[in-house]
Amino acid sequence: MSSNFTTLDALVFGIYLLGIIVLGLVASRKGSGTKRDYFLAGDKLPWWMIGGSIIAANISSHQLVGVMGVAYSRGFLAMVVEWGAILIGFNALLWIFLPFYLRNGFYTMPEFLQRRFGAGSRTIYAVLVLLTYIFVEISAVLYLGALSLHALLGIPMLVSILVLAITTGLYTIAGGLRAVIWTEMVQLGVLMLGMLALSFTTIHAAGGFSAVLETTKDWKLMMPADDPDFPWTMYLGGLLCISIFYNATNQFIVQRTLAAKNEWHARMGVIFGDYLKFLLPFLIIFPALVAPRLFPDLEKPDLLFATLVETLLPTGLVGLVMAGLIAAVMSHLSGAINSCTTILTMDVYIAYVKRGATERQSVQFGRLAGMAIIILGIGCTGLLALYSEKPIFIYLMNAYGYFTPGIATMFLLGILWKRTTHAGAVAAGLLTIPLSLIIEYAFPEMPFFNRTGIVFWACMLACIVVSLVTKPKSDAALAGLIWNKESLTLPPAQRAQQRGLRNPVIWWALITGLVLFFYIRYA
């Protein structure tokens, strides 16, 4: 056990854990028991809760532990995936997809595919995304959280995995998205406080903020084409594909916007998320940039977080930072579990098993599905114990590359090109995993971002070719499902809300310009 984890730290940590469970259970009692309330929090979320919950769910142990490990070994380059989401994925959500999701009243992303194409594409998405959540999201988050608890407190990995999964599942299954959102907002605050404490302490120990400024001479956001992990060619397809999937077509992220009060709140929520996505990575990456001064020979980069906490933090702050880590784990887990249960209920149970299911039956099935997802996630966590060659975050990006090209293709072509057919979408979805495996087997040294980009464009080509030789839907059947210039503006009834400084475009332009400045400055 960490020598500086005292009774005070245990008290801080315990109060946080108990408080989150109580808050989640209290929030779960406020719903009406309908599908809309359980899966979409009754469509009542304001912009600040949407943006905060998106980032709370997004920033998890694979950011705290994984991105910190990447920054330790690769420097400021670790920012590219975080800021790439602002420039690519969130922009695609904000200006292309969001109006269609909200104006059609969808519960899930597969529902869009059902309306646009048919049942086959809906099923393919549901299968691919559930595999991604279970094998990538839930298992990796549990593994990294348990790894840090084991390194810091000596708690056995299996015990940590079980406690994290069961505790989070308790309020998530009971309260649905409402409980998820309320607990995520508290967890975001705890996470920020914890990372502020860790950043300040580490930078102070390394010689002050001048040590961070000294690293700026090595900051680089664009690497040569032969870089093994982050070649500049990733912007041609790999990062484009993964970012669009994760931030614009991913139930895990988008579900929060579907629960917005209206479209203005949804748009402002995404933009608020951009600002948090810009600022929070600094708290994670700055300590890692100066850490080589203090710990130049770490055997495993993913252990940097635990090393900093165990070595540098004083009594009291250890408990706060550990609470921040567990906040990140639990918020991510709860979001992934809730998204899985929503898809299983709406796109499997109601679509194929019991079409006439009542509100009560739907919610009951969602809770049973949540239990099953937790059990599967715990089982899959053991697979990651074998992975140790590179930081886990790079493993996660690699894993996304297997599943996402077909999904990104179906959504992009489906919404931008009315000639896209159901057969074309299905062809892209079925091609993504086998082609990824073939390329990886044939070219094992190829950077995973390049492999993902090749598969993405191959899926796009296959979808286009098949669509051109199959019959498209009529214009009448596609009404409200194809992008046009009206998608850029709010519905007429809501336009009065965006006057003056309330205009989302102003705040979007400011954060986008800021990110572009860094990319140009450190290209």
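We number each residue from 1, following the sequence as shown. Since the model is a prediction, treat every value here as computed from it, not as a measurement.
- Note on residues 240-250: no pairs pass salt bridge (Lys or Arg N to Asp or Glu O under 4.0 Å), not counting sequence neighbours.
- For N91 (side chain) and L87 (main-chain N/O), a donor-acceptor pair under 3.5 Å exists by modelled atom type.
- For the side-chain contact (heavy atoms from CB on, under 4.5 Å) test, residues two or more places apart in sequence or in another chain that qualify with L298 are Y72, F295, L304, T307.
- F112 pairs by the ring pair (Phe, Tyr, Trp, His ring centres under 6.0 Å) definition with F411, not counting sequence neighbours.
- Qualifying side chain to side chain donor-acceptor pair (under 3.5 Å) partners for Q114, counting only residues two or more places apart in sequence or in other chains: R122.
- Using modelled atom types, one side-chain atom of T341 and one backbone atom of N338 make a donor-acceptor pair closer than 3.5 Å.
- Considering only residues two or more places apart in sequence or on other chains, Y133 meets the side chain to side chain donor-acceptor pair (under 3.5 Å) condition with N250.
- With F272 as the aromatic partner, R267 does not meet the cation-pi criteria of under 6.0 angstrom to the ring centre and within 45 degrees of the ring axis.
- The side-chain heavy atoms of P281 and V67, taken from C-beta on, include no pair separated by under 4.5 Å.
- Side-chain N or O atoms of T257 include one that pairs as donor or acceptor with a backbone N or O of V254 at under 3.5 Å.
- Screening residues 314-342 for salt bridge (Lys or Arg N to Asp or Glu O under 4.0 Å), with sequence neighbours left out, gives no hits.
- Residues forming a side chain to side chain donor-acceptor pair (under 3.5 Å) with T108 (at least two apart in sequence, or on another chain): D347.
- The heavy-atom pair separating L94 from L98 by the smallest distance is O-CB, 4.2 Å.
- Within a 6.0 Å sphere centred on CZ of F282, other residues, nucleotides and ligands contribute more than 12 heavy atoms.
- Counting only residues at least two apart or in different chains, salt bridge (Lys or Arg N to Asp or Glu O under 4.0 Å) contacts with residues 194-203 are absent.
- Under the ring pair (Phe, Tyr, Trp, His ring centres under 6.0 Å) criterion, F518 pairs with W83, F278, not counting sequence neighbours.
- How far CD1 of I511 is from CD1 of I271: 10.5 Å, rounded to the nearest 0.5 Å.
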Exercise for the section: Determine, step by step, whether Y349 and Q361 satisfy the side chain to side chain donor-acceptor pair (under 3.5 Å) criterion, reporting the C-alpha distance in whole Å, the side-chain angles of both residues, the deciding distance to 0.1 Å, and the verdict. Expected result: CA-CA 10 Å; Y349 178 67; Q361 288 171 330; 4.7 Å; no

Exercise for the section: Decide yes or no on side chain to side chain donor-acceptor pair (under 3.5 Å) for Y352 and T123, but give the supporting numbers first. Expected result: CA-CA 10 Å; Y352 298 108; T123 302; 2.6 Å; yes

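- Sequence neighbours left out, not one pair with a member in residues 324-346 passes salt bridge (Lys or Arg N to Asp or Glu O under 4.0 Å).
- With sequence neighbours excluded, the residues forming a side chain to side chain donor-acceptor pair (under 3.5 Å) with T215 are W219, listed by chain and number.
- At a threshold of 4.5 Å between non-hydrogen side-chain atoms, the residues I54 and N247 do not count as touching.
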Extract all donor-acceptor atom pairs below 3.5 Å that involve side chains of residues 45-53 and protein atoms in other chains or at least two apart in sequence.
| from | atom 1 | to | atom 2 | distance (Å) |
| --- | --- | --- | --- | --- |
| S53 | OG | M49 | O | 2.8 |
| S53 | OG | I50 | O | 3.1 |

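- In this structure the side chain of R74 reaches within 4.5 angstrom of the side chain of D227, judged on heavy atoms.
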